[in-house]
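Naming: A, B, ... by sequence-line order, numbering from 1 per chain. All values below come from the heavy atoms of this structure, side chains included, with hydrogens, waters and symmetry mates left out.
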2 protein chains.
Amino acid sequence: MGVGTTGQGGRMSKGSRRQVTLEDVARLAGVSASTVSRSLSMPHMVRASVRESVLWAVSRLGYVPHGAARALARRRNATIGVIIPSLRFTVFADLVESLQAELGAAGYSVLLGHAGSDLRYEADQATALLSRGIDALVLVGNAHDQSLERMATNTGIPVVTTFDYRLDAPYPCVGIDNQAAGRALVDHLLDLGHTRIAALMPDERFNDRAARRLAGVRGALADRGLALHPQHLVLGDGAAEVGRAAMAELLGREPSPSAVVCFSDLVAIGAVVECRARAVSVPGAVSVAGFSGIGLAELTHPAITTVSFSAVDIGREAARLVLDRLDGDGQAPSVEVPHRLEQRASTAAPGP
Amino acid sequence: MGVGTTGQGGRMSKGSRRQVTLEDVARLAGVSASTVSRSLSMPHMVRASVRESVLWAVSRLGYVPHGAARALARRRNATIGVIIPSLRFTVFADLVESLQAELGAAGYSVLLGHAGSDLRYEADQATALLSRGIDALVLVGNAHDQSLERMATNTGIPVVTTFDYRLDAPYPCVGIDNQAAGRALVDHLLDLGHTRIAALMPDERFNDRAARRLAGVRGALADRGLALHPQHLVLGDGAAEVGRAAMAELLGREPSPSAVVCFSDLVAIGAVVECRARAVSVPGAVSVAGFSGIGLAELTHPAITTVSFSAVDIGREAARLVLDRLDGDGQAPSVEVPHRLEQRASTAAPGP
DNA sequence: TTGTATGCGTTATCAA
DNA sequence: TTGATAACGCATACAA
């Protein structure tokens, strides 16, 4: 679609310039509108010489197809809705960027919505995107509002979920096994000899990934006859500042933990900062672990032990699933993206 | 538009369920289609009792307006295109999130495009968004490809640019005065007594904000009879890892700088990490300053001196400008968002 | 205040 | 291979 010049969509500002239509191109090329349409959408169905003159007319007039008209006629929008909690989390920014690249290459655009951590709000966003016209919906996690689920089934548009892989997922999904990941992190600490392990995490009621990780944490503890002490669970989501505050809170509690798992790397970084501010040695006095494996976690001092995975991979695979549902045979299965324990300097055996 | 249930847009999957249309609602409510349309778009133009029964039918059928049809009829898409270099940069993620919130509240959706740092690619993205149908376009910076500019003027859709405020901007813009900000940072270092000042920055040919900052840097130096030594300009964009590598490069050069300004906080953080790895004291042996004022720059050790500003404010004001162009009188002027020098521990007077 | 008729720009169906 | 023509679903000018 050549670097066209005139398009639709804008308010006709003052000059009220008319949209260049298929008709205009047809007239200039001396053919019918349908031939122009075909020359653009199914070039092989039209004689080469005709196609050439059409293309010439197109670029001469700077014709750009009218998206809405096309969507109306084709019953398809070439647009995918993506709803994430927030772009401030590196992993979601990576997801969106990756999705956009993959879907863009296949001719789809991305319509973006933010949901915070509120499932009701997520459903509202979905309604908005749906009425805007989307061919598929990409969500984060597997817990969603009833009204959203109803909408999805009623409209029949494909839904793909991300960041949480599980066999019983309601939609095709691509993500990590959060429970196994949570377990791996705690097993690592247990192996080091820790017994008083705390967790800094989002409210599990609003975050099913966190809930799964917590299940993994509890499971690992239970397997060794231990449990998460109620005083050892502190809520705190996302930002380093929050991690700092949560760590401050935790350090004031009894019994004091010898290790802390954070469900986000930034929170872990904040926790370490707070420890330094209080002259609490990491990992001397307390071990700290993060989650996600963002680049920064490797550069801090000490470098942060974490469970790493690729949000970019999740985006790419999610795009594959979406395209399979839209243009393929719709049989592509959910995919588990691997995670890996990155053992670094912020965790060590507990002091004597 | 109640939490509807049935919408358009999806491929009709197998069952090929038909879209619920205005007509269906009209039939059920016992009125004409136009009355239904009015009940939804101009409720005050219809008798209360009628409106009620329409609304009832709407929710009964789970009617959701068909975006494309609506866009076609109204010649307006209720969609704003936003093209940014990358979501991996905190400031752009903040911009998008802020824009989305403000525009969403006004009934607009955000269609997102990523351009990297390539103006040609940005223009391609613009073409894609334009043909998807957007009512306005939000860009980053004031330097753009000719073809994009041509498209913009030909379509007549409003364009608003962000992050670079300048009087001679080709479109209404909202951002900081990058030149003044660059100058402020270097003045601070000069006041501390530095004379060998280096810069870690993106290639100015592809980044007009960086070019302006560099102009500010050079200006401040020139005012004191100094200049940027050619060996003291190292390219490196965005990520902490990149800042680390750039700093490594810089530390190997002659003459060695006593202070380094980075055009991004993450790069500054990376630079500090590299210094620590080499046992180069910050700010003892070399001062390091960042740019943007992301939260993390305050938490590092040492905390990073930076020029801070609010990308969220930029987003909010950009949304205001867009809405003014679309629904207002189109007279709202460009806005300069304030920046502030945050003097922190990473900069100090040079050693003897 | 409500209904009728028409247009929005494309694609798809069907003849030619 | 090409050209009429009928959808596609909604908004609006105009008539009632």
Side-chain angles (χ1 to χ4, degrees), chain A residues 1 4 6-12 16-27 29-54 58 61 63-78 130-133 155, chain B residues 1 4 6-12 16-27 29-54 58 61 63-78 130-133 155:
Chain A
M1 107 182 25
T6 306
Q8 87 300 349
R11 146 184 268 174
M12 303 291 140
S16 191
R17 78 193 75 229
R18 211 175 63 62
Q19 146 102 15
V20 176
T21 80
L22 223 42
E23 210 79 49
D24 300 319
V25 177
R27 199 164 16 240
V31 297
S32 77
S34 8
T35 296
V36 176
S37 175
R38 273 191 289 261
S39 303
L40 269 49
S41 317
M42 348 172 48
H44 55 281
M45 306 239 70
V46 73
R47 203 191 322 150
S49 61
V50 176
R51 193 189 327 142
E52 298 239 336
S53 64
V54 168
V58 163
L61 263 37
Y63 167 77
V64 172
H66 188 293
R70 180 188 288 230
L72 185 56
R74 298 173 87 147
R75 279 86 153 261
R76 177 183 268 237
N77 298 83
L130 244 17
S131 77
R132 237 19 125 221
T155 58
Chain B
M1 93 178 43
T6 306
Q8 86 300 349
R11 148 184 268 176
M12 305 290 141
S16 193
R17 79 193 76 229
R18 210 175 63 62
Q19 146 100 16
V20 177
T21 80
L22 222 43
E23 209 80 47
D24 300 318
V25 177
R27 197 161 20 236
V31 297
S32 77
S34 37
T35 298
V36 176
S37 173
R38 275 189 289 258
S39 302
L40 296 172
S41 318
M42 348 170 53
H44 54 280
M45 306 238 72
V46 74
R47 204 192 319 151
S49 62
V50 175
R51 195 191 322 144
E52 299 237 337
S53 64
V54 167
V58 163
L61 264 37
Y63 168 77
V64 172
H66 189 293
R70 181 193 290 243
L72 185 56
R74 303 179 79 161
R75 280 86 152 262
R76 174 183 269 235
N77 297 81
L130 245 18
S131 77
R132 234 21 123 220
T155 59

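- dG9(D) atom C1' lies 19 Å from atom CZ of Arg76(A), rounded to whole Å.
- Considering only side-chain N and O atoms, Gln19(A) lies nowhere under 4.0 angstrom from the phosphate OP1 or OP2 of dG7(C).
- We find that CZ of Arg51(B) is positioned 14 Å from C1' of dT2(C), with the value rounded to whole Å.
- The CZ atom of Arg70(B) lies 7.5 Å from the CZ atom of Arg132(A); values are rounded to the nearest 0.5 Å.
- When the P atom of dT1(C) is taken as reference, atom NE2 of His44(B) falls 10 Å away, rounded to whole Å.
- The line from CD of Glu23(A) to OG of Ser32(A) is 9.0 Å long, rounded to the nearest 0.5 Å.
- Across the protein-nucleic acid pair, Glu23(B) atom CD and dG3(C) atom P stand 12 Å apart, rounded to whole Å.
- Taking CZ of Arg75(A) as the start and NE2 of His66(B) as the end, the distance is 8.5 Å to the nearest 0.5 Å.
- The distance from atom CZ of Arg75(A) to atom C1' of dT10(C) is 12 Å, rounded to the nearest whole Å.
- The two residues Pro43(A) and Arg51(A) come nearest to each other via the heavy atoms O-NE, 3.2 Å.
- As rounded to whole Å, 4 Å separates atom C1' of dC8(C) from atom CG of Leu72(B).
- Taking every heavy atom of both residues into account, Ala29(B) and Ser53(B) meet most closely at CB-O, 4.0 Å.
- End-to-end axis angle of the helix from dT1(C)-dA16(D) to dA16(C)-dT1(D), using five pairs per end and rounding to 10°, comes to 30°.
- Atom CZ of Arg27(A) is separated from atom P of dG9(C) by 12 Å (rounded to the nearest Å).
- The two atoms that bring Val25(A) and Val36(A) nearest to each other are CG1-CG1, 3.8 Å, heavy atoms only.
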Anything under 3.5 Å between a protein N or O and an N or O of nucleotides 11-15 of chain C, put it in a table, one pair a line.
from: dT11(C); atom 1: OP2; to: Ser37(A); atom 2: OG; distance (Å): 2.5

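- Ranking dG9(D), dG3(D), dG3(C) by closeness to the Val31(B) side chain, first place goes to dG3(C).
- With rounding to the nearest 0.5 angstrom, the OG1 atom of Thr21(A) is 9.0 Å from the CG atom of Leu61(A).
- Atom-to-atom distance recorded for Arg47(B):CZ and Thr35(B):OG1 is 10.0 Å, nearest 0.5 angstrom.
- Ser32(B) has a side-chain polar atom (N or O) that falls below the 4.0 Å cut-off from OP1 or OP2 of dG3(C).
- Distance CE (Met45(A)) to C1' (dT2(D)): 11 Å, rounded to an integer number of Å.
- Considering all non-hydrogen atoms of both residues, Ser131(A) and Val64(B) come closest at CB-CG1, 3.3 Å.
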